[in-house]
S.K.: 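Here it is, the structure in full.
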Number of protein chains: 2
Amino acid sequence: MSRPSTPLLSPEIIGEAALALSAAGEPFGVNAIARRLGVRPSSLYNHVDGMDGIVELMRGRLVEDYRVEPQGESWDEYLLALLREQRRMYADHPQLVPLLVGKTITHPAVIAAYDDLATVLVEGGFPEGDVLAVIGILDAFAIGFGLDLASPEEVWQPGEETRTLGRILENGERGDARSDRTFELGARLLVDSLRTRFRS
Amino acid sequence: MSRPSTPLLSPEIIGEAALALSAAGEPFGVNAIARRLGVRPSSLYNHVDGMDGIVELMRGRLVEDYRVEPQGESWDEYLLALLREQRRMYADHPQLVPLLVGKTITHPAVIAAYDDLATVLVEGGFPEGDVLAVIGILDAFAIGFGLDLASPEEVWQPGEETRTLGRILENGERGDARSDRTFELGARLLVDSLRTRFRS
DNA sequence: ACCTGAACACCGTTCAAGT
DNA sequence: ACCTGAACACCGTTCAAGT
C-alpha cells in the first residue's frame, strides 16, 4: 500500500480539507489534515510545500468561494456586496486572519479580485491617488467586522458595577444580532462618507 | 535548587515575558516563555493557569500599557486618540488578535476601559440604543487597521498584467506610510460620519 | 510554596524504503 | 510518482519528587 494506483491526495483535496477544518473552528495543521484524509502527515509533503503552501492553497480557494464579481452595478452597491461577503469570509475563518494578512499577496486570483475592486473605484470617479487608501479601509473594515462576528455570544461580561456599559448591555442585543447591527451601521456610515467625500 | 529562597516567577513576570515575545513577533507559548526566563516549562504552572491564563494576563497588561483615559476633551478627539492607540496595540501584537477577540471579556480593567468609552459616547450625545454598535465599529476599525499596519511592506505583488491595480501601486506609497495614510483617511471618514449622523 | 525531571500526547518536517 | 515509517526537534500539560 505504499503507492496507490490512483492518488489519494492532491493540492485541491488538501486545501479543501484544511478549509473544512478551519470553518469548523478546529486546528488545520498538517497532522489534523492528514487525520481527516486518512493518510500519514508525511504524505502531504508529496503535494504541498509544508504549512506555508497549505495556507496559500487556502487563500486561493477562499477567493473563489467568496468572490464577488462586478456586474455593472454602481460602485456603492458593489462595495456593500463586497464588504458583506468578505466579512462572512473572515468570520468563517478567524484563525486564518493573521496568516493571510501576514504575507504579501501574489496569488493571481487574489490579485485579480483586488484589480476588479480598484477598477470599480476608478470608474466610479475616485481619484487614483486615494484608491489604495480606500481599498485598505475596506479590507480593515471587513477583517474587523468579520472577527467581530466570530466573537462569542457575550463579548463583555462586567463583574462589578459600571457607570454606563452595564446598562447599555442590558438593553442591547447580543450575539449575531448585535454584530449584524454593528456591521450594517458601520457599512452605511462608510459608504455614505465615501460618497460625500468623493462625490463626482 | 528545587525551591529558591526568593521566587523566580510571578504572574507579572510571566505576562511581561509573553508580551515581550509577542511584540518581537516570536512565538509566546509556555516553552518559549520558560526559555526566556531561564526556567523549566512546568514551573510556570505554579503561577498561571496554562496558556489560557497567560493570554488573560497579557490582555490585562495590554489595557494598562495602551490605556487612553478621557481627559474631558470632546468625544471626537477622544475617539481619535483611542483609535490611534488601539491600532498601535493590535499592530504590535497581531498574533494575539484571534486569542483576544475569541473570548468573552471579564477582566475588570478591560471592562473599565470600555465603560469609559461608553460613558464618553453617552455624554457626547449619542443615543443609548446606538452606543453598543458604535463601540463595535470602533473595535473593528482598530483591529482592522492594526493588522493592516502589521502587514508586510509590500501587500500586493501582481505577477501578471492588471487593468488598474498595478498602476495604482506604482504611484502609491508602501509600508507604514501607506498604512498611515489609509488609517488617517479612515479615521477621519468615520468620525465625520458619526458627527453627521448623530449631531446633537 | 515553588522549581525540577520524567512522562505523555501532541505538532511540523525530513528522508530512506517500498511499490 | 506517491504513500509509509522512523526519526527529530518542537509543543502544552500533569504530577511525583525534592527542598
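Below, chain A is the first sequence line, B the second, and so on; all start at residue 1.
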S.K.: Check DNA chain C for consecutive Watson-Crick or G-U pairs with both distances under 3.5 Å and list the runs of at least three as stems.
M.R.: C:4-8 with D:12-16, C:12-16 with D:4-8

S.K.: May I have all residue pairs that pass ring pair (Phe, Tyr, Trp, His ring centres under 6.0 Å) and include part of residues 158-190 of chain B, sequence neighbours excluded?
M.R.: B:F145-B:F183

S.K.: For residues 137-149 of chain A, pull every pair meeting salt bridge (charged side-chain N to carboxylate O under 4.0 Å, His left out), keeping only residues two or more places apart or in separate chains.
M.R.: A:D148-A:R178

S.K.: Using the ring pair (Phe, Tyr, Trp, His ring centres under 6.0 Å) rule, collect all pairs that involve residues 76-100 of chain B, keeping only residues at least two apart or in two chains.
M.R.: none

S.K.: Using the rule given for side chain to side chain donor-acceptor pair (under 3.5 Å), can you reason through B:R87 versus B:S179, listing the C-alpha separation, both sets of side-chain angles and the distance that settles it, and then say yes or no?
M.R.: CA-CA 11 Å; B:R87 168 184 181 241; B:S179 182; 3.1 Å; yes

S.K.: Figure out the CG/C1' separation between B:N46 and C:dC2, and round it to whole Å.
M.R.: 5 Å

S.K.: In whole angstrom, what separates B:I54's CD1 from D:dG12's P?
M.R.: 8 Å

S.K.: According to salt bridge (charged side-chain N to carboxylate O under 4.0 Å, His left out), does anything in residues 108-121 of chain B pair up with another residue at least two apart or in another chain? List the pairs.
M.R.: A:R163-B:D115, A:R163-B:D116, B:R67-B:D116

S.K.: Under 4.0 Å: is that the gap between some side-chain N or O of A:R40 and OP1 or OP2 of D:dC3?
M.R.: no

S.K.: Could you give the CG-to-P distance, from B:L8 to C:dC3, as a whole number of Å?
M.R.: 5 Å

S.K.: For the side chain of B:V30, starting at C-beta, report the closest nucleotide among D:dT4, D:dT13, D:dC3.
M.R.: D:dT13

S.K.: Do any N or O atoms from the side chain of B:R59 and from the backbone of B:H107 form a donor-acceptor pair under 3.5 angstrom?
M.R.: no

S.K.: Which one, C:dG12, D:dT4, C:dC3, comes nearest to the side chain of A:V39?
M.R.: D:dT4

S.K.: Among C:dG12, D:dC2, D:dG12, find the nucleotide with the atom closest to the side chain of B:Y45.
M.R.: D:dG12

S.K.: Among the nucleotides C:dT13, D:dC2, D:dG12, which one has an atom lying closest to any side-chain atom of A:P41?
M.R.: C:dT13

S.K.: Counting only heavy atoms and a strict 4.0 angstrom limit, can you tell me which residues of residues 14-27 of chain B come near DNA chain C?
M.R.: none

S.K.: Between B:F28 (CZ) and D:dC11 (P), how many Å, whole number?
M.R.: 13 Å

S.K.: Can you hop from B:V68 to B:I105 via hydrophobic side chains spaced under 4.5 Å?
M.R.: yes

S.K.: For B:H47 and C:dC3, is the shortest distance between a side-chain N/O and OP1 or OP2 below 4.0 Å?
M.R.: yes

S.K.: Throw together a table of side-chain donor-acceptor distances under 3.5 angstrom for residues 41-54 of chain B, partners on residues two or more places apart or in other chains.
M.R.:
from	atom 1	to	atom 2	distance (Å)
B:S43	OG	B:R40	O	3.1
B:N46	ND2	B:S43	O	3.3

S.K.: Of the nucleotides C:dC3, D:dT4, D:dC2, which has the atom closest to the A:S43 side chain?
M.R.: D:dT4

S.K.: Using atom names, set out every protein N or O paired with an N or O of nucleotides 6-10 of chain D below 3.5 Å, distance rounded to 0.1 Å.
M.R.:
none

S.K.: Only counting residues at least two apart or in another chain, list the ones meeting side-chain contact (heavy atoms from CB on, under 4.5 Å) with A:T106.
M.R.: A:T104, B:Q157

S.K.: Any pair with a residue in residues 117-132 of chain A that passes salt bridge (charged side-chain N to carboxylate O under 4.0 Å, His left out), sequence neighbours left out, goes on the list, sorted by first then second residue, please.
M.R.: A:E128-B:R167

S.K.: Starting at atom CG of B:L9, determine the distance to atom P of C:dC3, rounded to an integer number of angstrom.
M.R.: 5 Å

S.K.: Listed by chain and number, what are the ring-ring contact (aromatic ring centres under 6.0 Å, His included) partners of B:Y114, not counting sequence neighbours?
M.R.: A:W156

S.K.: Going by side chain to side chain donor-acceptor pair (under 3.5 Å), name the residues that satisfy it together with A:R61, two or more places apart in sequence or in a different chain.
M.R.: A:E16, A:D65

S.K.: Whole angstroms only, please: what is the CG-C1' distance between A:L44 and D:dG5?
M.R.: 15 Å

